[in-house]
Amino acid sequence: MYADDHADAVRGTAADYHIYFSYKDGIQPYLSRNGANTNDQLFVCPADNFSCGLPAIQDFFRPAPVTGNGFYRLKQTHYSSYIFNGAAANSKETRVAEKRFSAVQEPSRLALACELSAAIGLSGHDRKKSGQFNNAKNVVSFVDGHVSFIPFYWNGESGEAGMPISYNPPGGYDYVWFPK
């Protein structure tokens, strides 16, 4: 509904790193009835109890360190467990922000929003390790509107280069971050 009212796109620029989380503010009115405030619990994953002191989480939020447990408790995430695939940090490359949904070549593969843990290489649902690991399963919604619980590729590197949201996975995965 939001995209229908905003020229078939989610507004925000590729340079707007905060759109990762500020998308929540734009869609909240579409999730409430009669103009009432949306229950913020819709943006909380029950499996989101990560220790924000984990190195991979610190890398994601660098240079400003975060503390506590759970992404949804952080002001930086707009108190959400989820992230919008809008822009790449330190990149001018557009992902979904400002892109017309009808222009996406593979809407069933292009991630629209997902658990923040997927973007980092973690999983709150299947904790094989305390840190990043390959094929960490997370919930993701796609541009075509469907939602899946799928594994996310991690290249085994630490730091920004190891953030799964920084690159498309190799063949065989059911999603991409960057549109063709």
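Residues: numbered from 1 along the sequence shown. Treat the numbers as computed from the prediction; the structure is a model and nothing was measured.
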Going by heavy atoms in the side chains, are [X] and [Y] under 4.5 Å from each other?
{"X": "His146", "Y": "Ser108", "answer": "yes"}
{"X": "Cys52", "Y": "Thr67", "answer": "no"}
{"X": "Val140", "Y": "Glu115", "answer": "no"}
{"X": "Asp126", "Y": "Asn135", "answer": "no"}
{"X": "Leu122", "Y": "Ile57", "answer": "yes"}
{"X": "Phe71", "Y": "Ile120", "answer": "yes"}
{"X": "Leu110", "Y": "Val143", "answer": "yes"}
{"X": "Val139", "Y": "Cys45", "answer": "no"}

Residue set satisfying salt bridge (charged side-chain N to carboxylate O under 4.0 Å, His left out) with Glu157, at least two apart, ordered chain then number -> none

Connected via hydrophobic side-chain network under 4.5 Å: [X] and [Y]:
{"X": "Phe84", "Y": "Val147", "result": "no"}
{"X": "Val44", "Y": "Phe149", "result": "no"}
{"X": "Leu74", "Y": "Phe60", "result": "yes"}

>> Testing the 3.5 Å rule here: is there a donor-acceptor pair between the side chains of Asn138 and Ser117?
In response: yes

Taking [X] for its side chain and [Y] for its backbone only, find out whether a donor-acceptor pair lies under 3.5 Å.
{"X": "Asn155", "Y": "Ala161", "answer": "yes"}
{"X": "Arg109", "Y": "Tyr173", "answer": "yes"}
{"X": "Asn85", "Y": "Ala113", "answer": "no"}

Apply ring-ring contact (aromatic ring centres under 6.0 Å, His included) to Trp177 and Tyr153, showing your working. CA-CA 11 Å; Trp177 296 109; Tyr153 176 75; over 10 Å; no

Looking only at heavy atoms, which two atoms of [X] and [Y] are closest? And how far apart?
{"X": "His125", "Y": "Lys137", "value": "CD2-O, 3.8 Å"}
{"X": "Tyr72", "Y": "Ser81", "value": "CB-OG, 3.6 Å"}
{"X": "Pro169", "Y": "Val176", "value": "CD-CA, 4.2 Å"}
{"X": "Gly124", "Y": "Ala47", "value": "O-CB, 3.5 Å"}
{"X": "Phe133", "Y": "Gly131", "value": "CD2-O, 3.5 Å"}

- request: Kindly say whether the aromatic ring centers of Tyr175 and Phe142 come within a distance under 6.0 Å.
  value: no

In this structure, CG of Leu116 is separated from CG of Asp48 (nearest 0.5 Å) by 7.5 Å

Taken to the nearest 0.5 Å, the spacing of Ser166 OG from Phe178 CZ works out to 6.5 Å

So the side chain to side chain donor-acceptor pair (under 3.5 Å) pairs with at least one residue in residues 51-63 (sequence neighbours excluded) are Asp59-Arg62

Exercise for the section: Could you go through the side chain to side chain contact (heavy atoms under 4.5 Å, CB included) check for Ile83 and Cys114 one step at a time? Expected result: CA-CA 6 Å; Ile83 188 168; Cys114 65; 3.7 Å; yes

Exercise for the section: Report the C-alpha distance between Phe43 and Tyr79 in whole Å, list the side-chain angles of each, state the deciding distance to 0.1 Å, and finish with yes or no for ring-ring contact (aromatic ring centres under 6.0 Å, His included). Expected result: CA-CA 8 Å; Phe43 295 92; Tyr79 306 101; over 10 Å; no

